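Keep in mind the model is a prediction, meaning the values are calculated, not measured.
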Amino acid sequence: MVESSQPAANAAVGLDSLVIALPKGRLLDEARACLERAGYGLREGDNGRQLVLPSAAPHVRYVLAKPADVPVYVESGACDLGIAGLDVLREAQRDLLEPLILPFGHCRLAIAGPAGRADRPLRLETNPRVATKFPRLTEAFFRQRGVSAEIIELSGSVELAPLVDLADLIVDLVQSGQTLRDNGLAELRVILHSQAVLVANRAAWRLKAQAIGAFIAALRPALEE
């Protein structure tokens with residue numbers, strides 16, 4: 001992919017400074033804990049609602065973004081680094097570097113359906129309707145297996161779709177599986193095992209190599225605690 005001039009221009013401003021995108025939601029608490037141990041903890045704003053926060057370390061700022069937006073901020077050069085789930089990265093298909101796998105945020109992207117059909121092979125399903133927040137990964141999974149699936153993209157609770165006959169199957173993130181069981185659904189197949197990943201803008205990786213290197217060097221031992 002050809003790199004645009006905008007990321008390079010943004011990354012060239014303040015070569016000793018870093019702007020890091022963090023995902024709001026399930027990954028944020030564990031990300032903050034690791035950053036705190038590494039000496040890069042976040043300092044809260046006055047009202048607790050600020051979306052751009054300083055770090056305890058000089059020359060570092062954090063941007064709090066929706067998880068799906070983190071790859072966009074980093075690829076564009078608005079942020080130099082970011083933390084995102086592998087599921088989000090593979091769905092987004094952005095041109096990013098992934099220098100470090102992080103030991104938290106473990107979950108799996110799985111196909112699920114009504115519990116009564118858990119022993120039926122997916123290949124026998126004729127043109128299944130599949131509800132998901134991950135249309136690219138879902139479409140690719142079924143296409144590679146010769147199944148012509150109708151993908152229904154949702155932004156809310158996909159577990160609802162089979163209950164109201166909107167879809168035959170769902171593809172969603174699963175941790176314990178309790179939400180599936182509570183709604184009469186069963187996990188059928190894992191598409192992707194996911195966890196948190198540190199991502200980097202390609203231009204920043206070159207232009208801010210010293211600052212990024214120092215950040216990663218401090219973060220590595222903190223991940224082992």
Side-chain angles (χ1 to χ4, degrees), residues 21-34 64-72 82-94 96 98 100-199 223-224:
L22 299 180
K24 295 186 286 186
R26 66 184 183 88
L27 295 182
L28 183 57
D29 287 345
E30 290 181 280
R32 292 184 64 161
C34 287
L64 303 184
K66 287 186 176 182
D69 292 340
V70 169
V72 180
I83 292 177
L86 188 61
D87 52 287
V88 170
L89 295 175
R90 295 297 175 263
E91 177 68 22
Q93 298 180 6
R94 297 284 176 171
L96 301 171
E98 300 176 9
L100 194 60
I101 299 294
L102 305 175
F104 58 87
H106 293 276
C107 61
R108 56 196 180 276
L109 185 67
I111 302 172
R117 61 147 294 149
D119 59 347
R120 291 171 55 192
L122 292 176
R123 187 171 292 278
L124 298 181
E125 190 75 58
T126 302
N127 299 323
R129 298 167 299 160
V130 188
T132 185
K133 300 174 186 175
F134 299 87
R136 286 176 174 168
L137 291 174
T138 300
E139 193 276 334
F141 177 88
F142 282 98
R143 185 184 68 248
Q144 291 165 7
R145 286 155 181 80
V147 177
S148 178
E150 177 187 351
I151 309 302
I152 302 169
E153 186 173 358
L154 297 177
S155 59
S157 299
V158 296
E159 296 88 358
L160 178 62
L163 304 183
V164 298
D165 201 30
L166 175 64
D168 305 302
L169 302 169
I170 67 170
V171 170
D172 201 12
L173 292 179
V174 178
Q175 290 180 300
S176 69
Q178 188 60 50
T179 301
L180 294 178
R181 292 189 291 272
D182 288 346
N183 288 281
L185 303 175
E187 189 173 335
L188 304 175
R189 188 79 60 83
V190 174
I191 292 179
L192 174 72
H193 289 279
S194 182
Q195 65 190 92
V197 181
L198 180 72
V199 295
L223 302 177
E224 301 171 359

Open item on the list: Restricting to side chain to side chain contact (heavy atoms under 4.5 Å, CB included), what partner residues turn up for Glu98, sequence neighbours left out?
Closed with: Leu86, Leu89, Arg90, Val197, Val199

Task: Heavy-atom closest pair, residues Gly105 and Glu30 - done: N-OE1, 3.7 Å

Open item on the list: Measuring from atom SG of Cys34 to atom CG of Leu198, what distance do you get when rounded to the nearest 0.5 angstrom?
Closed with: 11.0 Å

TODO: Taking all non-hydrogen atoms of both residues into account, name the closest pair between Phe104 and Gln195 and its distance.
DONE: O-CB, 3.5 Å

Distance-only check: which donor-acceptor pairs under 3.5 Å involve side-chain atoms of residues 132-140, not counting sequence neighbours?
{"residue": "Thr132", "atom": "OG1", "partner": "Phe134", "partner atom": "N", "Å": "2.8"}
{"residue": "Thr132", "atom": "OG1", "partner": "Thr138", "partner atom": "OG1", "Å": "3.4"}
{"residue": "Thr132", "atom": "OG1", "partner": "Val171", "partner atom": "O", "Å": "2.8"}
{"residue": "Lys133", "atom": "NZ", "partner": "Gly156", "partner atom": "O", "Å": "3.4"}
{"residue": "Arg136", "atom": "NH1", "partner": "Glu91", "partner atom": "O", "Å": "3.1"}
{"residue": "Arg136", "atom": "NH1", "partner": "Ala92", "partner atom": "O", "Å": "2.8"}
{"residue": "Thr138", "atom": "OG1", "partner": "Phe134", "partner atom": "O", "Å": "2.8"}
{"residue": "Glu139", "atom": "OE1", "partner": "Arg143", "partner atom": "NH1", "Å": "2.3"}
{"residue": "Glu139", "atom": "OE2", "partner": "Arg143", "partner atom": "NH1", "Å": "3.0"}

Task: Residue list, side chain to side chain contact (heavy atoms under 4.5 Å, CB included) with His193, at least two apart or on another chain - done: Arg108, Val190

Open item on the list: Quick check: do Phe142 and Leu169 have side-chain heavy atoms less than 4.5 Å from each other?
Closed with: yes

Task: Min side-chain heavy-atom separation Ile170-Leu154 under 4.5 Å - done: no

- [ ] Output all residues satisfying salt bridge (Lys or Arg N to Asp or Glu O under 4.0 Å) with Asp165, sequence neighbours left out; order by chain, then residue number.
- [x] Arg129

Task: Partners passing side chain to side chain contact (heavy atoms under 4.5 Å, CB included) against Pro23 (at least two apart in sequence or in another chain) - done: Leu27, Pro67, Val70, Ile83

- [ ] Walk me through it: do Leu100 and Leu223 pass the test side-chain contact (heavy atoms from CB on, under 4.5 Å)?
- [x] CA-CA 10 Å; Leu100 194 60; Leu223 302 177; 3.8 Å; yes

- [ ] Report yes if the side chains of Leu185 and Pro162 come closer than 4.5 Å at any heavy-atom pair, otherwise no.
- [x] yes

Open item on the list: Could you tell me if the side chain of Leu173 sits less than 4.5 Å from the side chain of Arg26, heavy atoms only?
Closed with: yes

TODO: Please report the C-alpha distance between Leu64 and Leu28 in whole Å, then the side-chain angles of each, then the deciding distance to 0.1 Å, and finally whether the side-chain contact (heavy atoms from CB on, under 4.5 Å) criterion is met.
DONE: CA-CA 9 Å; Leu64 303 184; Leu28 183 57; 4.2 Å; yes

Open item on the list: How long is the straight-line distance from CD1 of Ile111 back to CG of Asp168, given to the nearest 0.5 Å?
Closed with: 12.5 Å

Task: Smallest separation among heavy atoms of Ala167 and Ile152, with atom names - done: CB-CD1, 4.3 Å

Task: Heavy-atom neighbours of Lys66 NZ exceed 12 at 6.0 Å - done: no

Open item on the list: Does any part of the side chain of Leu109, heavy atoms only, come nearer than 4.5 Å to the side chain of Ser194, both counted from C-beta?
Closed with: no

TODO: Please identify each residue that fulfils salt bridge (Lys or Arg N to Asp or Glu O under 4.0 Å) with Glu150, with sequence neighbours left out.
DONE: none

Open item on the list: Nearest 0.5 Å, please: how far is CD in Glu159 from CZ in Arg181?
Closed with: 12.5 Å

